[in-house]
Amino acid sequence: MKKYSYKEIQMIYGKISPFEFKDRLIDLAKYNSNKNNMPLLDAGRGNPNWTAATPREAFFTFGQFAVNETRLNWDLGNLAGMPQKTGICDRFYNYINENKDMPGAELLKNIVDYGINELNFNGDDFVHELADAIIGDNYPVPDRMLPHLEKIVHNYLVQEMKYNTKLGGELDIFAVEGATAAMCYIFDSLMANELLRKGDKIALMTPIFTPYLEIPHLPRYEFEVININADEIDEYGNHTWQYSKKELEKLKDTSIKALFVVNPNNPASIAISDECATNLVDVVKNYNKDLMIISDDVYGTFVNEFTSLMCKLPYNTIGVYSYSKYFGVTGWRLGTMALHKNNVFDKRINDLDEELKLSLNKRYSDMSLNPSSLSFMDRIVADSRLVALNHTAGLSTPQQIQMAFFSAFALIDKENAYKKLNISICNKRHDLLYNALGVVIKEDKNNAAYYTQFDIESWGKYNYGDDFVKYLKSHYSPVDVLYKLANNYSIVLLSGSGFAGPDWSVRVSLANLSDEYYYKIGKALKNILSEYVNDYKNYNNNNSNLTI
């Protein structure tokens, strides 16, 4: 813990990742917190302060059943056998009937009922897959995802992300170690399969999660990056975080090979509007038909009736999703990537010149006698283990069980009670923050309210005019706000500019602190803004007196 000076903080601002910069602010805020006996409020964190309890209870209760199953055919005390398939479904129901009061037992029974009654699973096949997977005694087979679990997760993604198999056709899902792993795998496979090459042109819909800004400039990639900026403003001077036609028309450039999207975006957590999505579809279908789109939809579950670009542009899009925020499982590392069997990635591989195809065939030759027939999804799975270890690829099977239990929990919840609770928590905190700030924010059906991004420059221009903004920029730096919050109030926020957002914006996580603290954060921000306004008025008065 160190009390950094303003000069020290200013020197590193904008030169390192906002997440690394945040650690310096935390040290400063901790120092002030200890000195003044006040709470440290880190609203830079992305993980929520809630957890989905019932699906976890079901997981651990089922784990006990599965351990009992291992002892049925071989029990040497500390050493047991493996779950056996024959009759396991009946044994499961007997176990639940005898242990109705165990935590999560009712949900557990409902999950198995759902698989058998709604998805037409064979009971022994399904329960054995669950038991063997939670014990974790076998490699994942298939390596992409266990078959019964994939169907459950598939239905969850169709429900929550609105993936459209009628429009896009069959869908393959790869269970991965969170959306961050999906990002790494996709970047690597795009390069490995010559779909992107060093120096190629890509586009980012900004502002965007910082790693999407940083990865393209790594020496391995050195991509030319075109930003598609969320440039629209409402009548109150607030950003809507939507994209004008002019910005989207940048994608008419067919030399742009790939588009990376976070939807709803991070840091503002606003979903792409229907109008913007329609304009994007128009550009892609009429001007850039082979554009590859990677859509990271982590926050989609916090928006009612959210629709992923996987639905709007199924041929062009890989959908990435993480369970971490909605279910409070950042530590579990649970995520998916999904791709329709008919997709532009396979088309682009097929369109490569023969020399490149031969090179790729060599890369995957140990996997198949006909490596050219391998789909891009199969290649991603293989590339995730450097191809040679493809036979050991796949997310650990206990993680897949927890993922499927979360998915089934949401599918069984016909009243969407869990979703409504999540959304209400975020919206309440959003309102507390802006009420304390005294800022009017229009109700927006696209607002996930998981984060919010507040732009001081836009606020100042709307309320006090261009002269105030000029004064602010000439007398202060954006880092001044972050420093004062940490030093005076023990509050840590992230800079919006680190996400390719406006220079004078700050990101507030609405997910990770108790409700009442958001009112305090709003008040602290308002106090700092009031200081700037008072300084500006005094400056004008003094200059006016001098003129007289």
task = With Trp332 as reference, evaluate Phe327, Phe59, Phe405 under the ring pair (Phe, Tyr, Trp, His ring centres under 6.0 Å) test and give the passing residue.
result = Phe59
ask   = Under the criterion ring pair (Phe, Tyr, Trp, His ring centres under 6.0 Å), which of Phe121, Phe92, Tyr114 is the partner of Phe126?
value = Phe121
Is the shortest side-chain heavy-atom distance between [X] and [Y] below 4.5 Å?
X      : Y      : value
Asp132 : Asp137 : yes
Met161 : Cys311 : no
Asn68  : Arg91  : no
Arg385 : Asn390 : no
Gln453 : Asn265 : no
Leu119 : His148 : no
Phe65  : Val127 : yes
Asn447 : Ser269 : yes

inquiry  = If we check side chain to side chain contact (heavy atoms under 4.5 Å, CB included) with Leu259, which of these qualifies: Leu291, Ile294, Leu204?
reply    = Leu291
Atom pair [atom1] ([X]) and [atom2] ([Y]), whose distance is rounded to the nearest 0.5 Å:
X      : Y      : atom1 : atom2 : result
Leu352 : Glu354 : CG    : CD    : 9.5 Å
Asn427 : Asn422 : CG    : CG    : 11.0 Å
Asp444 : Ile270 : CG    : CD1   : 5.0 Å
Ile202 : Phe223 : CD1   : CZ    : 5.5 Å
Met102 : Leu108 : CE    : CG    : 9.5 Å
Met337 : Ile173 : CE    : CD1   : 12.0 Å

Using modelled atom types only, decide if a donor and an acceptor are shared between the side chain of [X] and the backbone of [Y] within a distance under 3.5 Å.
X      : Y      : answer
Asn193 : Leu195 : no
Asp297 : Gly300 : no
Asn416 : Lys420 : no
Asn316 : Lys289 : yes
Asp124 : Gly87  : yes
Arg429 : Tyr518 : no
Arg379 : Leu374 : yes
Ser273 : Cys276 : yes
Ser17  : Phe19  : yes
Asn350 : Arg348 : no

Asp113 side chain to Tyr93 side chain, donor-acceptor N/O pair below 3.5 angstrom = yes
query = Between the side chains of Trp241 and Asn446, does any donor sit under 3.5 Å from an acceptor?
reply = no
So with a 6.0 Å cut-off around [atom1] of [X], is the heavy-atom count from everything else above 12?
X      : atom1 : value
Glu222 : CD    : yes
Glu170 : CD    : no
Glu106 : CD    : no
Asp101 : CG    : no
Asp366 : CG    : no
Arg45  : CZ    : no
Lys151 : NZ    : no

request  = Apply the test side chain to side chain donor-acceptor pair (under 3.5 Å) to residues Asp383 and Tyr364: give CA-CA distance (whole Å), side-chain angles for both, the deciding distance (0.1 Å), then the verdict.
outcome  = CA-CA 9 Å; Asp383 292 335; Tyr364 300 105; 3.0 Å; yes
Using every non-hydrogen atom in the two residues, find where [X] and [Y] come nearest and quote the distance to one decimal.
X      : Y      : answer
Lys198 : Pro219 : CE-O, 3.1 Å
Ala203 : Leu251 : CB-CD2, 3.7 Å
Lys419 : Thr301 : NZ-O, 2.9 Å
Val320 : Ala182 : CG1-CB, 3.7 Å
Pro140 : Leu395 : CG-O, 3.4 Å
Arg363 : Val387 : O-CG1, 3.4 Å

Taking the six-membered ring for Trp, are [X] and [Y] ring centroids under 6.0 Å apart?
X      : Y      : answer
Phe209 : Phe260 : no
Phe306 : Tyr299 : no
Phe406 : Tyr156 : no

Intermediate values then yes/no, side chain to side chain donor-acceptor pair (under 3.5 Å), Gln399 and Tyr323 = CA-CA 11 Å; Gln399 286 174 284; Tyr323 289 71; over 6 Å; no
ask   = Is Asp188 salt-bridged to Arg220, going by a charged N under 4.0 Å from an acidic O?
value = yes
ask   = Is Lys445 salt-bridged to Glu305, cutoff N-O under 4.0 Å?
value = no
query = Can Arg507 be said to sit on top of Tyr451's aromatic six-ring, NZ or CZ under 6.0 Å from centre and within 45° of the ring axis?
reply = yes
key: Criterion side chain to side chain contact (heavy atoms under 4.5 Å, CB included) on Leu411 and Glu118, from CA distance to verdict   = CA-CA 11 Å; Leu411 289 164; Glu118 299 292 327; over 6 Å; no
request  = Please assess Ser375 against Leu339 for the test side chain to side chain contact (heavy atoms under 4.5 Å, CB included), listing each intermediate value before the final yes or no.
outcome  = CA-CA 10 Å; Ser375 69; Leu339 184 62; over 6 Å; no
request  = Go through Lys428 and Asp515 one step at a time and tell me if the side chain to side chain contact (heavy atoms under 4.5 Å, CB included) criterion holds.
outcome  = CA-CA 8 Å; Lys428 180 181 179 181; Asp515 296 357; 3.2 Å; yes
inquiry  = As a quick check of understanding, evaluate side chain to side chain contact (heavy atoms under 4.5 Å, CB included) for Glu150 and Leu171, giving each step before the final call.
reply    = CA-CA 10 Å; Glu150 180 177 357; Leu171 195 65; over 6 Å; no
task = Would you please classify the geometry between the Phe302 ring and the Tyr326 ring as parallel, tilted or perpendicular, with 30° and 60° separating the classes?
result = perpendicular
